[in-house]
**Q** 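Pasting in a structure now, in structure tokens, and then I'll have a few things to ask.
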Amino acid sequence: MKTFSLKQNTLQGFTLIEVLVAVSLFVTIVTLAMGALFQAQSVNARLQANQTILDGMNLSFETMTRDIRYGSIFYCDTTVPTPVAVMKRKSCPFDLGTSPGTTIFFMPVDAVDPNDRVGYYASSSKIYKWSYTNGSLDEPRPITSDEVAIDILNFYVTGANTTQQAVDNGSEENATSSTPDNLQPIINVAITGSTKVEKTTNEQVKFELQTTISPRGIDN
């Protein structure tokens, strides 16, 4: 008599529930990873955009400070004086209780006329360059982009006058003495503002710039 034995099959597959759970976990992990990747790309793009804006702001700041460094006959005030002929010399030193200047004017290094002047001031969240050349007033033009909002532009000028009496009286036109003050002008510039990245609602990046300038030429 022959006997037959059934050999039990030990190979088993995944159940439908196990497959569904595994797929769900995989999709969840991939979704989280893609979200983190997109977020990282967004942050990186915002940082690059802000860095580009700040690089442009630094270039504008360097352009202004270079013009001041090679200038002479400095006039610091809070308004644009009229006529230009009154722009003799005027300091606005850093003293407690004294307001800083918000405009600065000076004779540029490439002046062709004794009355030629260049000036800088802030208006409508931009820094403007003002020029009076050979008897003609040019249209002020912005040197900062629309992606930058300038909140404060201050100038502190010491030693702009050439006589001690002018220092005492505050401006060169009030001078009654020719005694030299022996002070080389020193100009401090302080700027605060923020970036404005287009097509984004992310928080703006605030910045502060400050420098001290001593003119290259003797201005006394």
Side-chain angles (χ1 to χ4, degrees), residues 4-71 78 94 99-104 118-131 138-157 186-214 216:
F4 297 93
S5 62
L6 296 177
K7 189 175 182 180
Q8 186 178 4
N9 187 5
T10 59
L11 297 178
Q12 295 181 356
F14 294 104
T15 65
L16 179 59
I17 294 177
E18 291 174 334
V19 172
L20 291 176
V21 171
V23 171
S24 299
L25 289 175
F26 176 77
V27 171
T28 301
I29 294 173
V30 170
T31 301
L32 292 175
M34 293 299 293
L37 178 61
F38 289 145
Q39 180 66 20
Q41 289 179 334
S42 176
V43 171
N44 183 61
R46 187 176 80 251
L47 291 176
Q48 288 183 345
N50 278 314
Q51 187 60 50
T52 300
I53 295 172
L54 292 176
D55 288 344
M57 180 62 218
N58 284 327
L59 179 60
S60 299
F61 187 64
E62 288 296 327
T63 299
M64 179 176 64
T65 56
R66 183 179 65 248
D67 284 349
I68 295 174
R69 184 174 294 112
Y70 288 96
T78 56
F94 180 76
S99 299
T102 55
T103 62
I104 189 170
V118 168
Y120 288 95
Y121 62 91
S123 178
S124 301
S125 300
K126 295 182 181 179
I127 297 178
Y128 283 84
K129 182 176 182 179
W130 178 100
S131 300
D138 299 332
E139 184 71 21
R141 63 182 188 273
I143 64 169
T144 53
S145 69
D146 294 335
E147 297 173 323
V148 172
I150 302 299
D151 298 325
I152 298 174
L153 173 61
N154 287 337
F155 300 98
Y156 298 93
V157 180
I186 298 294
I187 300 96
N188 289 280
V189 185
I191 299 176
T192 62
S194 59
T195 61
K196 298 188 297 182
V197 180
E198 295 182 352
K199 299 179 181 180
T200 179
T201 58
N202 291 305
E203 183 179 356
Q204 299 174 349
V205 175
K206 295 187 177 297
F207 61 85
E208 295 182 3
L209 298 174
Q210 183 174 346
T211 189
T212 300
I213 308 166
S214 177
R216 290 293 180 91

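From a predicted model like this one, the values you see are computed outputs, not experimental measurements.
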**Q** Determine which pairs satisfy side-chain hydrogen bond (donor to acceptor under 3.5 Å, both in side chains) with at least one residue from residues 53-62, sequence neighbours left out, and list them in order.
**A**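 Listed by first then second residue: Gln51-Asp55.
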**Q** At their closest point, which heavy atom of Ile213 faces which heavy atom of Arg69, and how far apart are they?
**A**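 Shortest heavy-atom separation between Ile213 and Arg69 comes out as CG2-CA, 3.7 Å.
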**Q** Can you tell me how far apart CD1 (Ile143) and CD1 (Ile150) are? Round to the nearest 0.5 Å.
**A** 8.5 Å
**Q** For Leu25, give me all partners under side-chain contact (heavy atoms from CB on, under 4.5 Å), at least two apart in sequence or on another chain.
**A**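 Testing Leu25 for side-chain contact (heavy atoms from CB on, under 4.5 Å), a comparison that skips the adjacent residues, returns Val21.
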**Q** Given side chains that start at C-beta, do those of Thr212 and Ile187 come closer than 4.5 Å, heavy atoms only?
**A**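 Side chain of Thr212 against side chain of Ile187, heavy atoms only: no contact under 4.5 Å found.
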**Q** Drop me the distance from Phe155's CZ to Met64's CE, to the nearest 0.5 angstrom.
**A**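 These two atoms lie 5.0 Å from each other.
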**Q** Could you check Ile191 against Ile127 for side-chain contact (heavy atoms from CB on, under 4.5 Å), going step by step and ending with a plain yes or no?
**A** CA-CA 10 Å; Ile191 299 176; Ile127 297 178; 3.7 Å; yes
**Q** Mind checking what makes side chain to side chain donor-acceptor pair (under 3.5 Å) contact with Arg216, not counting sequence neighbours?
**A**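 With neighbours one apart ignored, the set is Tyr70.
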**Q** At what distance, to the nearest 0.5 angstrom, does CG of Leu54 lie from CG of Leu59?
**A**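 Reported to 0.5 Å precision, the distance equals 12.5 Å.
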**Q** Name each donor-acceptor pair under 3.5 Å that joins a side chain in residues 29-38 to protein atoms two or more places apart or in another chain, with its distance.
**A**
{"unit_1": "Thr31", "atom_1": "OG1", "unit_2": "Val27", "atom_2": "O", "d": "2.7"}

**Q** Work out which heavy atom in Ser131 is nearest to a heavy atom in Val118; give both atom names and the distance.
**A** OG-CG2, 4.3 Å
**Q** Could you go through the side-chain contact (heavy atoms from CB on, under 4.5 Å) check for Lys126 and Asp146 one step at a time?
**A** CA-CA 8 Å; Lys126 295 182 181 179; Asp146 294 335; 2.6 Å; yes
**Q** Of the non-hydrogen atoms in Tyr128 and Ser123, which two are nearest, and what is the gap between them?
**A**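 So the two residues come closest at CE1-O, 3.2 Å.
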**Q** Identify, with sequence neighbours excluded, every residue that meets side-chain contact (heavy atoms from CB on, under 4.5 Å) alongside Ser24.
**A**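 Result, side-chain contact (heavy atoms from CB on, under 4.5 Å) vs Ser24: none returned.
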**Q** So, using ring-ring contact (aromatic ring centres under 6.0 Å, His included) as the criterion, who are the partners of Phe207 when residues are at least two apart?
**A**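 By the ring-ring contact (aromatic ring centres under 6.0 Å, His included) rule, Phe207 matches no residue at all.
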**Q** Could you list the residues that satisfy ring-ring contact (aromatic ring centres under 6.0 Å, His included) with Tyr156, not counting sequence neighbours?
**A**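 Tyr156: ring-ring contact (aromatic ring centres under 6.0 Å, His included) contacts with Phe94.
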**Q** For Asp67, which residues count as a side chain to side chain donor-acceptor pair (under 3.5 Å) partner, sequence neighbours excluded?
**A**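 Asp67 satisfies side chain to side chain donor-acceptor pair (under 3.5 Å) with Tyr120, Lys129 once adjacent residues are dropped.
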**Q** Mind checking whether Ile152 and Glu208 have side chains closer than 4.5 Å, heavy atoms only?
**A** no
**Q** Below 4.5 Å, heavy atoms only, C-beta onward: do Val189 and Phe61 meet side chain to side chain?
**A**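 They are in side-chain contact.
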**Q** Would you say the side-chain atoms of Thr195 pair up with the backbone N or O of Val148, donor to acceptor, closer than 3.5 Å?
**A**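 No.
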**Q** Could you pull out all residues at least two apart from Ser194 that satisfy side chain to side chain donor-acceptor pair (under 3.5 Å)?
**A**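 If we apply the side chain to side chain donor-acceptor pair (under 3.5 Å) test to Ser194, skipping adjacent residues, the hits are Gln204.
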**Q** Can you tell me how far the OG1 atom of Thr102 sits from the CG atom of Asn154, to the nearest 0.5 Å?
**A** 7.5 Å
**Q** Can you list the residues that meet the side-chain contact (heavy atoms from CB on, under 4.5 Å) rule with Ser214, with sequence neighbours excluded?
**A** Gln184, Ile186
**Q** Can you name the residues that form a side-chain contact (heavy atoms from CB on, under 4.5 Å) with Asp151, not counting sequence neighbours?
**A** Thr192
**Q** Using side-chain heavy atoms (C-beta onward) and a distance below 4.5 Å, is Asn188 in contact with Thr211?
**A** no
**Q** Once rounded to the nearest 0.5 Å, what's the spacing between atom CH2 of Trp130 and atom CD of Glu139?
**A** 12.0 Å
**Q** Restricting to side chain to side chain donor-acceptor pair (under 3.5 Å), what partner residues turn up for Ser124, sequence neighbours left out?
**A**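 Result, side chain to side chain donor-acceptor pair (under 3.5 Å) vs Ser124: none returned.
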